[in-house]
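What follows is a short report on a single structure.
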Amino acid sequence: MSDAALWTALADPHRRAIVALLLERPRPVGEIVEACGLSQPSTSKHLRVLRDAGLVRVRQDAQRRVYALDPAPIEELDAWLAPYRKLWNRSLDALGRRLDETSDDATEDPSPKD
């Protein structure tokens, strides 16, 4: 699996919706089609992209194909995002402190303005 394939697979909102469904539990193609409101051929194309990117695995269950998430690429993505998450947390912490200071300033001067 390449990083480009992973990002390309997750760039599409329909594929992200499929990933979200599979986060709950493995599902047969028919359930994915029904839940996403896409045609069966369109859903199969999206599943193929997700499979080629390594995000999902498929197993045969009698006549059905059952898809499940493969957590490894998600873990790799999480590791890649970790430094950015720290940056976001610092920025959000700074914003929180600033809002607290602004709120404190507003409550310290309750004198009416004439």
Side-chain angles (χ1 to χ4, degrees):
M1 168 207 52
S2 72
D3 289 344
L6 177 64
W7 289 109
T8 299
L10 292 173
D12 184 276
H14 294 296
R15 291 192 286 266
R16 289 193 307 271
I18 292 170
V19 167
L21 280 171
L22 296 177
L23 182 61
E24 296 171 6
R25 63 181 169 80
R27 295 175 186 263
V29 174
E31 281 186 32
I32 297 169
V33 167
E34 186 177 315
C36 291
L38 300 171
S39 68
Q40 194 280 326
S42 179
T43 301
S44 291
K45 288 179 184 177
H46 287 301
L47 287 167
R48 178 182 206 123
V49 171
L50 291 169
R51 191 176 68 238
D52 290 347
L55 286 162
V56 298
R57 298 180 301 242
V58 62
R59 68 177 169 81
Q60 199 72 32
D61 180 28
Q63 299 290 326
R64 305 180 318 163
R65 294 178 136 237
V66 179
Y67 284 83
L69 277 182
D70 185 340
I74 302 296
E75 290 168 1
E76 291 174 24
L77 181 61
D78 184 57
W80 186 86
L81 287 170
Y84 299 96
R85 195 174 300 111
K86 289 176 187 174
L87 175 68
W88 297 328
N89 286 340
R90 283 195 304 265
S91 296
L92 290 173
D93 289 345
L95 175 62
R97 284 190 301 275
R98 179 67 182 127
L99 290 173
D100 288 344
E101 290 168 4
T102 304
S103 176
D104 290 344
D105 291 345
T107 58
E108 288 177 6
D109 187 15
S111 60
K113 308 256 190 246
D114 289 323

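Note that the CZ atom of Arg90 and the CG atom of Leu92 stand 11.5 Å from one another [nearest 0.5 Å]. The distance from the CG atom of Asp3 to the CG atom of Leu77 is 9.0 Å, given to the nearest 0.5 Å. Here the straight-line distance linking atom CG of Leu50 with atom OG1 of Thr43 works out to 10.5 Å at 0.5 Å rounding. Going from atom NE2 of His14 over to atom CG of Leu47 covers 12.5 Å, rounded to the nearest 0.5 Å. Of the inter-residue distances, the one linking Asp100 atom CG with Arg98 atom CZ reads 10.5 Å to the nearest 0.5 angstrom.
Looking at residues two or more places apart in sequence or on another chain, you find a ring-ring contact (aromatic ring centres under 6.0 Å, His included) between Trp7 and Trp80. Residues that satisfy the side-chain contact (heavy atoms from CB on, under 4.5 Å) test with Arg51, not counting sequence neighbours, are Arg48, Val56, Val58, Arg65, Tyr67. In this structure Arg97 satisfies the salt bridge (Lys or Arg N to Asp or Glu O under 4.0 Å) test with no other residue, sequence neighbours excluded.
Tracing side-chain contacts under 4.5 Å through hydrophobic residues (I, L, V, M, F, W, Y), one never reaches Ile32 starting from Val49; they form parts of separate clusters. Leu6 and Ile18 fall within a single hydrophobic cluster, where Ile, Leu, Val, Met, Phe, Trp and Tyr side chains are chained together by heavy-atom contacts under 4.5 Å. Residue Leu38 is not grouped with residue Val19 when hydrophobic side chains (ILVMFWY) are merged at heavy-atom distances under 4.5 angstrom, including chains of intermediate members. In the hydrophobic cluster analysis, where Ile, Leu, Val, Met, Phe, Trp and Tyr join through side-chain heavy atoms closer than 4.5 angstrom, Leu55 is grouped together with Leu23.
Shortest non-hydrogen contact noted between Pro26 and Val66 is CB-CG1, 3.9 Å. Here the shortest heavy-atom pairing between Pro71 and Arg57 reads CD-NH1, 3.9 Å.
A 4.5 Å side-chain heavy-atom check between Asp61 and Pro28 finds every atom pair outside the cut-off.
Counted within 6.0 Å of CD on Gln40, heavy atoms from surrounding residues, nucleotides or ligands total more than 12; the atom is thus considered enclosed.
A donor-acceptor pair is defined here as one N or O able to donate and one able to accept, closer than 3.5 Å; no such pair exists between the side chain of Arg27 and the backbone of Leu22.
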